[in-house]
Enquirer: 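Dumping the structure here so I can ask a few things about it.
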Amino acid sequence: MKVVGKNLNEYFTASWRFLATIFSITVIIVILRSFSDFPSSIQSLLSLGGVVLIGLAGWSVVRNHGFNLKQAVFVGLLLSFGTHWSVPIFHRAGEVLYFILINSIIFSFATVFGGWLANKFKNQ
C-alpha cells in the first residue's frame, strides 16, 4: 500500500529506530509516573528529548532516505503511535481523542521542521 508515494515498508524501514526509541521513552515516563514522588520536571525533560528525537527523525528521513516534506508528515504520524498507547492511562475518556490529535500534530510539525532543516542545509 502506498501512502504519499512510498510503501509502508519504506516508512517503517526509515523510522523503526526512532519509533522504538520513542516507545522506550514513553515506557520510562509511564513507569516513573507510577511513583508518587515523581518530579514533573523529569517528564518535561524526557518529553523535550522526545521532540528533539522526532525532529532528528525528520532530518534523517529527508536527508538519508530521500523523503520529501509530505512524506515526513506521515513519518511524524507513524511515530506518534509510539506514544498513543499511553494516553488512556493518564487521561479521562473525554480527553483521549483530544490528546491523540494534539500529539499527532506536534509530532508531524517536529518531523517537518527537522526535514525542512535537512533540506535547508543540504542545499548550502
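Being a predicted model, the structure only gives us computed values, none of them experimental. Sequential numbering from 1 along the given sequence is applied to the chain's residues.
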Enquirer: Which atom pair, heavy atoms only, marks the closest approach of Asn119 to Val62?
Expert: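 Distance-wise, the nearest heavy atoms are OD1-CG1, 3.3 Å.
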
Enquirer: Between Lys6 and His65, which heavy-atom pair has the shortest distance, and what is it?
Expert: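 The pair with the smallest heavy-atom distance is NZ-O, 4.0 Å.
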
Enquirer: How close do Asn103 and Ser80 get, heavy atom to heavy atom, and via which atoms?
Expert: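 Result for this residue pair: ND2-O, 3.8 Å.
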
Enquirer: Could you report the tightest heavy-atom contact between Ser108 and Val73, atom names first, then the distance?
Expert: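 Shortest heavy-atom separation between Ser108 and Val73 comes out as OG-O, 3.6 Å.
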
Enquirer: Answer yes if Leu19 and Leu8 sit in the same cluster of Ile, Leu, Val, Met, Phe, Trp and Tyr residues linked by side chain heavy atoms under 4.5 Å apart, and no otherwise.
Expert: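 They do share one cluster, since a chain of ILVMFWY contacts under 4.5 Å joins Leu19 to Leu8.
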
Enquirer: Got a donor-acceptor contact below 3.5 angstrom from the Thr111 side chain to the Ala72 backbone?
Expert: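 Checked: pair present.
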
Enquirer: What are the two closest non-hydrogen atoms of Ala110 and Ile54, and how far apart are they?
Expert: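 Minimum heavy-atom contact is CB-CG2, 3.6 Å.
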
Enquirer: With a 4.5 Å heavy-atom cut-off, do Phe18 and Val75 have their side chains touching?
Expert: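 Of all side-chain heavy-atom pairs linking Val75 with Phe18, none is under 4.5 Å.
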
Enquirer: Does Glu10 offer a backbone N or O that forms a donor-acceptor pair with the side chain of Asn7 under 3.5 Å?
Expert: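 Not at all, since once roles are kept as given, no pair shorter than 3.5 Å links the two residues.
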
Enquirer: Quick one, Val51 and Phe107 - any side-chain contact, counting heavy atoms below 4.5 Å?
Expert: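 When only atoms from C-beta onward are counted, Phe107 and Val51 do not touch, as no gap falls below 4.5 Å.
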
Enquirer: What class does the angle between the rings of Trp59 and Phe121 fall in, given that below 30° is parallel, 30 to 60° is tilted and above 60° is perpendicular?
Expert: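 Aromatic pair Trp59/Phe121 classed tilted.
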
Enquirer: To the nearest 0.5 Å, tell me how far His84 NE2 sits from Leu77 CG.
Expert: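 The CG atom of Leu77 is 8.0 Å from NE2 of His84, to the nearest 0.5 Å.
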
Enquirer: If we check side-chain contact (heavy atoms from CB on, under 4.5 Å) with Phe74, which of these qualifies: Leu79, Val3, Val61?
Expert: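 Single pass found, and it is Val3.
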
Enquirer: For Ala57, is there any backbone N or O sitting under 3.5 Å from a side-chain donor or acceptor partner on Ser60?
Expert: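 The answer is no, because no donor-acceptor pair under 3.5 Å joins these two groups.
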
Enquirer: Measure from the side-chain N and O atoms of Thr21 to the backbone N and O of Arg17, and report whether any donor-acceptor pair falls under 3.5 Å.
Expert: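 Between the backbone of Arg17 and the side chain of Thr21 there is a qualifying donor-acceptor contact (under 3.5 Å).
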
